[in-house]
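Remarks on the structure that follows.
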Amino acid sequence: MCGIFTYYGHKNTAPELVIEGLKKLEYRGYDSWGIAYKTNDEIEIRKEIGKIGDIKVKDLDLKHSNIAIGHSRWATHGGVNKKNAHPHFTEEKDIALVHNGIFENYVEIKKYLEKKGHTFKSDTDTEVIAHLIEEHAKTHEFEDAVKLATQEIEGRYAIVVLNSSNETMIAARKGSPLILGVGHTEGEYFIASDIPAFLKYTNKVIYLDDNQMTVIKDGEAKFYDMEKHEEIEKRIVEIDWDEESAEMGDFAHFMIKEITEQKETLARAINQDPKIIEKVAKAIESAKGTYFVGCGTAGKVGMVGEYLFAKIAKKHTNFAFGSEFSNYKDFLTKDTLMICISQSGETADTLEAIEVAKEKGVKIVSIVNVETSTMARMSDIVVPIKAGPEKAVASTKATTSQLAILTLLAYACDGGVKKGQQELINAAGQINDMLNPRYEEHIMKIAEKIKEVESMYIIGRGANYPMALEAAIKLQEVSYIHAEGFAGGELKHGPIALITENTPVIALVANDDSKKEIISNATEIKARGGYIIGVAPENDDIFDFWIRVPDTQAVSPIVNIIPVQILAYQLAVLRKNDPDKPRNLAKSVTVK
Ligand code: F6R
């Protein structure tokens with residue numbers, strides 16, 4: 001949530017570089033953007049409302065500078081306007097700051113600073129940090145002033161501060177991501193919320209951990225532990241992502257590129273090191289209580305986990321959304337196992353759930369895409385899903401890879417990791433055949449037909465019930481059509497009142513013991529005028545429109561969600577929405 005990109009080095013095009021970097025981070029927030037850069041004797045600030053992706057650098061008339069910070073915003077405190085856009089700066093305009101996260105005690109600190117004579121131009125918590133640093137800098141060295149300010153801030157944050165008078169850039173984090181890219185020429189550094197933003201320049205990275213700070217000054221970066229008040233050594237890690245995998249290539253949008261990539265990403269998830277899967281399976285076997293935890297789509301994947309374990313491993317597990325997990329804290333012991341599911345590994349609600357669990361000595365497993373994320377680093381065992389960078393806000397390829405890992409785990413707990421692998425390999429092969437232009441054209445027919453509807457519903461049973469909930473998220477977030485998912489059997493207890501003539505209802509059908517019942521639920525809806533779109537291995541008379549999926553039994557949650565991802569994408573395009581950057585949303589939700 002919110003993208004940070006900064007440059008410090010020899011190139012005198014730092015402002016342009018920062019704008020280009022921010023464009024790659026736009027999926028993290030896109031209601032406004034801004035940059036601050038040092039010219040001869042002062043800091044220049046440029047802020048705009050709207051998406052930075054639409055900006056042409058040459059139209060901006062930027063001056064030369066070799067040190068710049070930038071931010072693309074997802075508003076939390078204060079509305080979307082220029083004054084609330086970052087960077088924020090002090091009266092003297094010698095300190096500018098960008099911030100990702102939420103500063104919870106800013107009201108008290110703002111009052112204290114106002115009494116000291118500070119005046120504020122924005123409604124943000126961020127501007128308060130800039131002034132707090134300025135206040136401390138009256139009596140302390142700049143670095144110490146930043147340290148003192150961060151110690152007074154409560155909440156999760158990543159900040160980068162630029163001081164023009166001594167040409168220093170300082171970055172600090174607690175709970176929100178911040179990564180340092182080490183340039184190929186000496187004394188060149190990038191700082192970003194996510195690696196793909198600077199992959200074009202370097203694949204050498206240093207991860208800042210919580211309560212750590214880097215001070216870049218005189219062409220050198222030094223690192224400090226802000227709690228222990230000491231300098232620390234940090235390791236450079238070489239990332240093997242290539243720039244191309246983080247770019248759109250010939251596709252019109254990242255979302256469709258990532259949907260199409262599922263042929264390969266699933267294969268990568270399945271070809272896991274079996275030792276990791278078996279290690280997690282053992283941990284599940286010996287745990288007294290296992291909780292799947294995640295948010296949004298990753299949460300729905302966790303719910304599928306409960307069903308897969310009940311059905312395949314005959315094992316009771318629990319599920320909780322990250323934001324709800326603390327309600328279960330009285331049941332947690334050192335024998336509990338928590339399995340966190342996350343694409344980014346930076347979702348604040350899930351990270352907080354981990355903190356609650358850790359206090360009780362719970363063992364943490366994380367199933368994550370970003371292997372070096374905060375979540376991964378807080379975990380005892382990390383299962384990387386290896387989906388590669390996911391840039392579209394709506395999760396697609398990460399979702400199916402997470403589902404594949406849970407399927408493997410459920411089979412491993414039943415003693416059959418190989419059987420699980422085989423089932424998944426078969427399914428992946430069939431998905432490969434399914435994902436072709438003809439399939440997309442077929443789905444486009446239904447997208448054209450329903451593109452103007454106000455509401456639609458999705459039903460599923462068993463593991464396809466949480467997938468119906470996930471299908472609704474996909475449709476809501478990119479098409480902006482009101483969509484709701486239900487357990488097939490639940491409609492008749494109330495929601496069926498919403499069905500009128502031609503209301504589209506997608507039935508997610510698996511060729512298992514739930515098939516007869518879900519078809520019967522679809523029949524009940526059809527009898528009330530509903531228009532039934534069947535996502536199923538076989539056609540049925542009850543379907544008004546059939547989208548064929550491979551017959552994959554236990555793997556049906558994976559194969560059934562893919563056509564809905566395609567439909568959601570197509571509806572977004574037909575309705576002239578930006579599928580990669582849906583309104584009000586951001587990738588990586590780093591606020592509570
Ligand atoms: C929806 C979507 C979100 C995320 C959720 C958790 O398409 O992507 O619902 O699933 O914000 O994010 P991660 O997986 O990064 O923890």
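Both counts, for ligands and for their atoms, begin at 1 and track the order of listing. Computation of the quantities below employed the complete heavy-atom set of this structure, encompassing side-chain atoms and omitting hydrogens, waters and symmetry-equivalent molecules. Residue numbers count from 1 along this sequence.
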Heavy atom of Lys474, distance to ligand 1 below 4.0 Å: yes
Nearest-neighbour protein heavy atom for atom 3 (C) of ligand 1, which is reported as residue plus atom name and distance: Thr297 N, 3.9 Å
Atoms in ligand 1 with a heavy atom of Gln343 nearer than 4.0 Å: 13 (P), 14 (O), 15 (O), 16 (O)
Sub-4.0 Å atoms of ligand 1 with respect to non-hydrogen atoms of Ala394: 7 (O)
Can you list, pair by pair, the side-chain donor-acceptor contacts under 3.5 Å of residues 324-331, counting residues two or more places apart and other chains?
from	atom 1	to	atom 2	distance (Å)
Glu324	OE1	Asn327	ND2	3.1
Asn327	ND2	Glu324	O	3.0

Side-chain donor-acceptor contact under 3.5 Å, Tyr157 with His99: no
Residues Glu104, Arg156: salt bridge by 4.0 Å N-O rule: no
Derivation of the side-chain contact (heavy atoms from CB on, under 4.5 Å) call for Ile277 and Leu409: CA-CA 6 Å; Ile277 298 294; Leu409 281 173; 4.0 Å; yes
Distance filter under 4.0 Å to Gly296 heavy atoms, resulting ligand 1 atoms: 9 (O)
Any donor-acceptor N or O pair under 3.5 Å, side chains Lys174, Gln212: no
Atoms in ligand 1 flagged as close to Ala298, the criterion being non-hydrogen separation under 4.0 Å: 10 (O), 14 (O)
Closest approach of any protein heavy atom to atom 11 (O) of ligand 1, naming residue and atom: Val589 CG2, 3.8 Å
Option of least heavy-atom distance to atom 13 (P) of ligand 1 (set: Thr347, Val301, Ile341): Thr347
Sub-4.0 Å heavy-atom contact, Val393 with ligand 1: yes
Donor-acceptor side-chain pairing of Gln565 and Thr396 below 3.5 angstrom: no
Basic-acidic side-chain contact under 4.0 Å: Glu264, Arg268: no
Atom indices of ligand 1 within 4.0 angstrom of Ser344 heavy atoms, with elements: 13 (P), 15 (O), 16 (O)
Proximal ligand 1 atoms for Glu477, defined as those under 4.0 Å from one of its heavy atoms: 1 (C), 7 (O)
Closest approach of any protein heavy atom to atom 5 (C) of ligand 1, naming residue and atom: Cys295 O, 3.4 Å
Sub-3.5 Å N/O-N/O distance, Gln402 and ligand 1: no
His442/Phe545 aromatic ring centres below 6.0 Å: yes
Charged N-O contact under 4.0 Å between Glu26 and Lys581: yes
